[in-house]
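Quantities reported herein were computed from a predicted structural model and do not represent experimental measurements. The chains referred to below are lettered A, B, ... by the order of the sequence lines, with proteins before strands, and numbering in each begins at 1.
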Amino acid sequence: MEKNFDHAQQEAAMYDLWEKAEAFNPDRMQTKKKTESGRVKSKQFSIIMPPPNANDPLHVGHAMFISVEDILIRYHRMKGDDTVWIPGTDHAGIETQFVFEKKLAKQGKSRFNFDRDTLYKMIWDYVQENSGVAVDQMKKLGASADWSRFKFTLDPSVVDFVVQTFQKMHDDGLVYRDLKLVNYCTHCGTSYSELEVNHTEQTTNLYYIKYPMADDPNEHIVVATTRPEPIFADQYLAVHPDDSSKQHLIGKKVLNPLTKQPMEIIADSFVDPEFGTGIVKLTPAHDFTDFEVAQRHHLPLVPAIGLDGKILENGGEFAGLKVAEARKKVVEVLEKANLIEKINSQYVNRIGTCYRCGRIIEILPLPQFFIKVKDQKNNLTQKVLDVLDKQETKIYGAGREKILRNWLENLKDWNISRQIVWGIRIPVWYEITGNEEKISVTFINSKGEFQKTATLQKRLDEGYSIDEIKKGLQQVYAPAENHFVVSEKNPGETYLPETDTFDTWFSSGQWPIVTLKTNKENDFDRFYPTTVMETAYDILLFWVMRMMMMGVYLENKTPFAHVYLHGLVRDEKGQKMSKSKGNVINPLEFVNKYGADAVRMALIMSSTPGSDSAVGESKIRGMRNFSNKIWNAVRFILLTLEDESQNHSEKNLDSVKDQAFEKKLNEVVGQVTDQLEKLKVGMAAEIAYNEFWHWFCDECIEEQKKGNLSRDALLKGLITFLRLLHPFAPFVTETVWQELWNNGDEQLKKQLGSKLLIVAEWPTE
RNA sequence: GGACUCGUAGCUCAGUUGGUUAGAGCGCUUCAUUGACAUUGAAGAGGUCAGAGGUUCGAAUCCCCUCGGGUCCACCA
């Protein structure tokens, strides 16, 4: 054996050995053990991998989940459980389309140059080019996932399943289409769920604007607002009903400062009498609170801003201006008319920004598809809360269960429409007959020219056929009340397809079910509910919550028994990694430098669910030393085995020492096993590390050198430790195991029990 | 405003049913070692476990308060 462990030379070979033996596939491996009574014991252990973005290389967070999950999988496989780890990759709808559009932009093109089908195919090809990278990197990290069960989130079988789910939800009355306010990014051209909006603080102007009284234009009231630009569309103001200083205003009318149209003052308790002047203008089409107030009082919804982020035609002289420009101009006009009392320029305000591009999110009314989350018959959130109450799913991660409960209790209906191409098309078709005036379309005509938004009627009048429009279709805008049918295929000549796609989380929310139901025949019955869902805590609400909702809806059962939430990996100083700081750790770079085992150990050791951890090069280097320690312990023991002269020196051994050694060894086995059973992966790794290095190597090997411990005991200890350490450091342990097997006599082989460590038996006390 | 979380060795962090001298990695000091490993070993310095109070035979751990970080949510325009 070489003096040091050469990870670069061994890792790929070991992975190859495992794959050739089909060690990851529970159907091929003998994972069932017979009990004493001769019965087959088939406790299952299953993990569905959180699919990484198919288009991106892995980052350190992925390395973290692979380490944790692979440790659990390897442990249970060795224990003899029916163990499966189902891998996959994600199409990451908005992310990927965003990246692709940037690429198009470099070529001077945009998504408006292509019809839906063409664009979809282009992105598909683009993702295919990159998709091997992530899988390859997972293998480099040692992931013992069953690749024969691999799934991509846009595989036809997945798409079919998701479409059926939507159909079922629609049949059950859980789906509705409605004009609602949505968070819309005019740059990305899509709406977002409330979770996808970042809130940042910003210092803005708070304008105090005079509204003349209708019955006496010399009198006025003052309203404070940060958003003067949609004033032209406002029709109502509000005060608090119990605000004694404002009560005389209720029911009175003022004049709109821009349009001079009369506006009524209503009373609603949402108004804070202490803020501003205690009088609020209502803009129901562009403010969530105002929208709710308007619904309570049955006030009209008058949009002022369009999907392009510009003022609509009803804005008169402001029409066509972008929001920011319009604001400037409105303020100018009001100032000229002497209608601005004062401006507080130091007002700190929270605004929503796009989590993708960082631009300000507009709130716009748009017909979208929603899932009822608190339906009377199918109260999804309540069902999930019940699951938590009954502890059918346990959450590991400090305080995270409370956060989950809090969200479930307050969750609003789920907007699942996204205005992008890269995803699963919502299987809905709009009846067009009679609605040609109300439906708008954008498309590429047969000459390849982009036709911007116009009513269907107008395009038909221009001589375009339905067929031509359909072929080059980009976007359909059907009114909320438009009749539609749910169907994957075209129901007939008189229909146009919905062009929106599902929110990625709608399909990935079904991931544990889809992967099991569209794979090997009995997988679902065999592995559902899965044992552990392991993922980062920052997608607890996006993903874990949705999976639980879909699980209880589709199967009446939670999709997993345990949720292990790992923390964010920070840099050596505990700072958040970011490209701009330049402190991003590329896990594969360190795999090449120090080995996968070292990276895994560094990520796992001293990490605990729910909390962030700090990892830097020095830690990884330290763990590389540990791999080498394992290597050299084996090297030493192999040398002593070859050295026959040592044999007789053991004759008069004090067997009491051996007994003490075995006792302690059993304790270590018990401790590591115990921690793994409790999902305390970090603790398990730490115990195995310390006991191996500082007890077995530092003490026991030295004792053996002095002749105080038998060679047999030491060998037994070594074999036991290799088993214990294998889940954590699979490559080096398997490498030395092969070394032992290939150089060992029959007796040693018998002791090892298995040619491959990966499927060797987990030690018992 | 509500909620959650954290404050342990110079640095980054373990220590979840309260129980003997509080641990690890890296760093630091001194020494050792040409035969498992310098990617090593031995010895050591370094912590009033943020602060005050309470429960207890016993608290880093449970409760209350204070101070100081972090995160999430919320209709204060």
Side-chain angles (χ1 to χ4, degrees), chain A residues 1-5 7 194-195 198-199 204 206-209 223-228 234 237-238 240 268-283 286-293 347 349-350 396-407 410 537-538 540-541 567-568 570-576 594-595 598 601-602 604-640 643 678 680 682-683 685-687 689-690 693-694 697-699 701-702 704-705 718:
Chain A
M1 279 173 89
E2 298 293 321
K3 202 167 163 189
N4 291 326
F5 173 56
H7 64 268
E194 48 184 338
L195 284 167
N198 291 328
H199 293 276
T204 53
L206 183 62
Y207 303 93
Y208 287 75
I209 296 169
V223 174
T225 181
T226 55
R227 297 208 67 176
D234 297 344
L237 303 173
H240 196 283
D268 193 289
S269 54
F270 94 95
V271 180
D272 177 1
E274 303 300 317
F275 185 87
T277 60
I279 309 173
V280 187
K281 76 180 181 72
L282 296 177
T283 313
H286 301 288
D287 184 285
F288 287 111
T289 313
D290 296 0
F291 181 81
E292 277 175 36
V293 176
Y347 181 66
N349 193 14
R350 275 168 68 85
Y396 299 73
R400 304 292 160 183
E401 182 174 336
K402 286 185 187 168
I403 292 174
L404 178 60
R405 284 173 180 275
N406 199 283
W407 265 85
N410 300 306
Y537 66 69
D538 59 351
L540 170 66
L541 304 169
L568 268 42
R570 294 162 177 272
D571 77 359
E572 209 150 7
K573 290 172 192 154
Q575 289 182 312
K576 215 169 175 172
Y594 296 116
M601 283 296 280
I604 289 308
M605 280 267 282
S606 302
S607 86
T608 190
S611 314
D612 297 348
S613 55
V615 174
E617 180 159 1
S618 65
K619 199 165 183 176
I620 301 171
R621 196 188 306 120
M623 292 305 140
R624 185 272 320 265
N625 296 355
F626 180 63
S627 301
N628 194 54
K629 192 74 185 174
I630 297 173
W631 175 264
N632 271 292
V634 173
R635 192 156 82 102
F636 171 76
I637 288 170
L638 268 179
L639 288 176
T640 63
D643 184 2
K678 292 185 197 156
K680 295 190 182 179
M683 265 316 272
E686 199 167 312
I687 293 168
Y689 174 100
N690 280 322
W693 195 321
H694 299 302
C697 293
D698 292 349
E699 291 180 30
I701 289 184
E702 295 309 315
Q704 196 274 339
K705 282 182 190 168
L718 179 75

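- Nucleotide B:rC65: paired with B:rG51 (Watson-Crick or G-U wobble, both distances less than 3.5 Å).
- Against RNA chain B, the stretch residues 273-282 of chain A makes heavy-atom approaches under 4.0 Å through A:Phe275, A:Gly278, A:Val280.
- Contacts of A:Asp290 with the nucleic acid, taken as non-hydrogen atoms under 4.0 Å apart, are absent.
- Among the atoms of the strands shown, only primed sugar atoms or phosphate atoms (P, OP1, OP2) are found under 4.0 Å from some heavy atom of A:Tyr689.
- Applying the Watson-Crick and G-U wobble criteria (two distances, each under 3.5 Å), B:rC11 pairs with B:rG25.
- Nearest heavy atom pair, residue A:Asn632 against residue A:Asn4, reads ND2-OD1, 4.2 Å.
- We find the CD1-CD1 distance between A:Ile701 and A:Ile637 to be 5.0 Å, quoted to the nearest 0.5 Å.
- On a pure distance criterion of 3.5 Å, a polar donor-acceptor pair joins the side chain of A:Glu702 and the base of B:rA36.
- Using N1 to N3 plus N6-O4 or O6-N4 for Watson-Crick, or N1-O2 and O6-N3 for G-U wobble, each under 3.5 Å, B:rC75 pairs with nothing.
- Going from atom CG of A:Asn628 over to atom C1' of B:rG41 covers 14 Å, rounded to whole Å.
- At the phosphate of B:rC75, neither OP1 nor OP2 sits under 4.0 Å from any side-chain N or O atom of A:His286.
- Computed from coordinates, the A:Ile687 CD1 to B:rA14 C1' distance equals 11 Å when rounded to whole Å.
- Judged by distance alone, with hydrogens and angles left aside, the side-chain atoms of A:Trp631 form a donor-acceptor pair with the main-chain N or O of A:Glu2 at under 3.5 Å.
- Below the 3.5 angstrom threshold, one finds a donor paired with an acceptor across the side chain of A:Lys705 and the base of B:rA36.
- By the ring pair (Phe, Tyr, Trp, His ring centres under 6.0 Å) test, A:Tyr208 pairs with no residue at all, sequence neighbours left out.
- One finds no side-chain N or O of A:Lys680 lying less than 4.0 angstrom from the OP1 or OP2 phosphate oxygen of B:rA14.
- With sequence neighbours left out, the salt bridge (charged side-chain N to carboxylate O under 4.0 Å, His left out) criterion links A:Asp290 to no other residue.
- A:Lys629 places no side-chain N or O within 3.5 Å of a backbone atom of A:Tyr689 that could act as its donor or acceptor partner.
- A:Asn4 comes within 4.0 angstrom of a nucleotide base, judged by non-hydrogen atoms across all strands.
- OP1 or OP2 of B:rC37 sits under 4.0 Å from a side-chain N or O of A:Arg635.
- Residue contacts for A:Lys678: at a heavy-atom cut-off of 4.0 Å it reaches no nucleic acid atom on any strand shown.
- Taking 4.0 angstrom as the limit, A:Lys629 places a side-chain polar atom (N or O) nearer than this to OP1 or OP2 of B:rG41.
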